[in-house]
Amino acid sequence: VQLQASGGGLVQAGGSLRLSCAASGSILSINSMRWYRQALGKQRELVATITRGGSTDYADSVKGRFTISKDNAKNTAYLQMNSLKPEDTAVYYCAAEIAVAQAIGTIINDYWGQGTQVTVSS
């Protein structure tokens, strides 16, 4: 299983970006998909979560500005980021809890994608 994150870039404050996270491989089901971010010199922060059933949760710092969604057919999650601020600048990572079939049965693992840089200029 692999996660491929994309969509980062440079944007001015107040602008928008949409990140994508595509999961591929021998996937039985995806229990949740999450976006994290890590700014330079800071700890990694959970930004948004979407569950298999479609429930969402957000960090207080992004509520009302970011929206997480998913396309089940494509095994892809999105993070729509609006009204971006310079403090949103960070490397954004996607992660997913995925059930895979193994010889011994079904195993649920956490998978991570590579980071994508988001830079918001003031």
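Keep in mind the model is a prediction, meaning the values are calculated, not measured. Starting from 1, each residue takes its place in the sequence as its number.
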[atom2] on [Y] to [atom1] on [X], rounded to 0.5 Å:
{"X": "Tyr111", "Y": "Ile98", "atom1": "OH", "atom2": "CD1", "value": "6.5 Å"}
{"X": "Arg37", "Y": "Arg44", "atom1": "CZ", "atom2": "CZ", "value": "13.0 Å"}
{"X": "Leu79", "Y": "Ser20", "atom1": "CG", "atom2": "OG", "value": "9.5 Å"}
{"X": "Asn31", "Y": "Ile108", "atom1": "CG", "atom2": "CD1", "value": "5.0 Å"}
{"X": "Gln2", "Y": "Gln4", "atom1": "CD", "atom2": "CD", "value": "7.5 Å"}
{"X": "Ser122", "Y": "Lys85", "atom1": "OG", "atom2": "NZ", "value": "14.0 Å"}

How far apart are the closest heavy atoms of [X] and [Y], and which atoms are they?
{"X": "Asp88", "Y": "Tyr92", "answer": "O-OH, 2.7 Å"}
{"X": "Thr116", "Y": "Ser6", "answer": "OG1-C, 4.3 Å"}
{"X": "Gly8", "Y": "Val118", "answer": "CA-CG2, 4.1 Å"}

Step by step, would you call Asp110 with Arg34 a salt bridge (Lys or Arg N to Asp or Glu O under 4.0 Å)?
CA-CA 10 Å; Asp110 223 33; Arg34 311 180 302 277; 2.6 Å; yes
Arg52, CZ atom: more than 12 neighbouring heavy atoms under 6.0 Å:
no
May I ask you to decide if [Y]'s main-chain N or O and [X]'s side chain share a donor-acceptor pair within less than 3.5 Å?
{"X": "Gln114", "Y": "Ala5", "result": "yes"}
{"X": "Thr89", "Y": "Glu87", "result": "no"}
{"X": "Arg65", "Y": "Ser83", "result": "yes"}

Has Arg18 got its NZ or CZ under 6.0 Å from the middle of the six-membered ring of Tyr78, at an angle within 45 degrees of the ring axis?
yes
Using a 4.5 Å cut-off on heavy atoms from C-beta on, say whether the side chain of [Y] contacts that of [X].
{"X": "Leu19", "Y": "Met81", "answer": "yes"}
{"X": "Val47", "Y": "Tyr93", "answer": "no"}
{"X": "Ser16", "Y": "Gln80", "answer": "yes"}
{"X": "Ile68", "Y": "Trp35", "answer": "yes"}
{"X": "Asn75", "Y": "Ile27", "answer": "yes"}

Classify the angle between the aromatic ring planes of Trp112 and Tyr36 as parallel (below 30°), tilted (30 to 60°) or perpendicular (above 60°).
tilted
Is Lys63 salt-bridged to Asp60, cutoff N-O under 4.0 Å?
yes
